[in-house]
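Presented below is the structure to which this report refers.
Predicted model only: the values in this text are computed from it and were never measured.
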Amino acid sequence: SSGVLTELHVGTYVFADAKRVKSGSAAIEECAACVHVTVVSVSPGRAIIDGGVKAFGGDMKGDTPPLFLKGYGIILDHPDLVFSSMTEEHGVLEAEDGADTGLRIGQTLRIIPNHICSAINLYNYVYALRENGVTEKLKVDCRGLSY
């Protein structure tokens with residue numbers, strides 16, 4: 001301890017997010033947090049997931065300057081899909097070329113949010129995966145405690 005600092009608010013630096021990947025200041029492999037969602041509906045060229053604004057935050061819309069992010073996050077293992085829109089409870093994933101998404105109902109997906117800070121603030125707990133494969137449940141202190 002330096003004797004001066006008593007706490008840190010490091011935010012995006014700790015986790016990285018889709019905004020940092022798009023800006024070139026982080027690689028996807030450096031993103032340490034993602035939101036797990038489940039596919040709840042599929043139709044030609046589109047799938048619905050059980051995560052929306054209440055799971056990802058809605059403060060950073062895709063396809064807007066300065067970074068022109070595509071959609072609301074990076075869908076890991078599915079670079080051909082775009083997280084195109086969301087409501088409070090659901091998100092819409094679309095194939096860029098209108099082709100079949102290849103997803104199935106019940107499938108779990110991992111999505112890196114555009115802005116991890118506002119996403120983390122929505123959860124009471126996060127799950128940390130250690131190098132040895134052990135998962136640890138961690139409390140998110142001070143979440144939602146604006147005064």
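Legend: salt bridge (Lys or Arg N to Asp or Glu O under 4.0 Å) pairs involving residues 118-131, not counting sequence neighbours, sorted by first then second residue: Arg130-Glu136.
Note: His36 NE2 to Leu109 CG = 10.0 Å, rounded to the nearest 0.5 Å. Put simply, CD1 on Ile75 and CG on Asp80 are 8.5 Å apart, with the number rounded to the nearest 0.5 Å. Taking NE2 of His78 as the reference point, atom CZ of Arg110 lies at 9.0 Å (rounded to 0.5 Å). Once rounded to the nearest 0.5 Å, the distance linking CG of Asp77 with CD of Gln107 reads 9.5 Å. Distance check, rounded to the nearest 0.5 Å: CG of Asp17 to CZ of Phe56 gives 12.5 Å. Atoms NE2 and NZ, on His90 and Lys54 in that order, are 11.0 Å from each other to the nearest 0.5 Å.
Hydrophobic clustering keeps Leu76 apart from Leu129 (ILVMFWY residues linked when any side-chain heavy atoms are closer than 4.5 Å, directly or through intermediates). No continuous path of ILVMFWY side-chain contacts below 4.5 Å connects Ile116 to Ile28, so the two sit in separate hydrophobic clusters. Hydrophobic clustering (side-chain heavy atoms under 4.5 Å, transitive across Ile, Leu, Val, Met, Phe, Trp, Tyr) groups Val126 together with Val14. No single ILVMFWY cluster, assembled from side-chain heavy atoms under 4.5 Å apart, contains both Val53 and Ile112. Under a hydrophobic-cluster definition in which Ile, Leu, Val, Met, Phe, Trp and Tyr are linked whenever side-chain heavy atoms come within less than 4.5 Å, directly or via other members, Ile74 and Val37 are assigned to different clusters.
Judged by a 6.0 Å distance limit and a 45° cone about the ring axis, Lys137 is not positioned over the six-membered ring of Tyr127.
Cluster note: Val134 groups with no other residue, as no ILVMFWY side-chain heavy atom lies under 4.5 Å from it. Through side-chain heavy atoms spaced under 4.5 Å, either directly or across other Ile, Leu, Val, Met, Phe, Trp or Tyr residues, Val40 is tied to Ile48, Val92.
Annotation for Ser118 and Gly57: closest pair OG-CA, 4.4 Å, computed over non-hydrogen atoms. Taking each heavy atom of Gly51 and Ala55 in turn, the nearest pair found is CA-CB, 3.9 Å. Closest approach of Leu103 and Ala47 over heavy atoms only: CD1-CB, 3.8 Å. Minimum interatomic distance between Ala16 and Glu30 (heavy atoms only, all atoms of both residues): CB-O, 3.9 Å.
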Full working for side chain to side chain contact (heavy atoms under 4.5 Å, CB included) between Leu138 and Tyr125: CA-CA 5 Å; Leu138 303 172; Tyr125 297 93; over 6 Å; no
Test side chain to side chain contact (heavy atoms under 4.5 Å, CB included) on Cys31 and Val21; report intermediate values, then the result. CA-CA 8 Å; Cys31 293; Val21 170; 3.6 Å; yes
Stepwise side chain to side chain contact (heavy atoms under 4.5 Å, CB included) check, Arg46 with Leu93: CA-CA 6 Å; Arg46 147 183 304 201; Leu93 309 182; over 6 Å; no
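Asp50 contributes a side-chain N or O that, together with a main-chain N or O of Thr38, makes up a donor-acceptor pair within less than 3.5 Å. Counting only distance, with no hydrogens or angles, the side chain of Asn114 and the backbone of Ala18 share no donor-acceptor pair below 3.5 Å.
Between Pro113 and Val35, the closest side-chain pair of non-hydrogen atoms falls below 4.5 Å.
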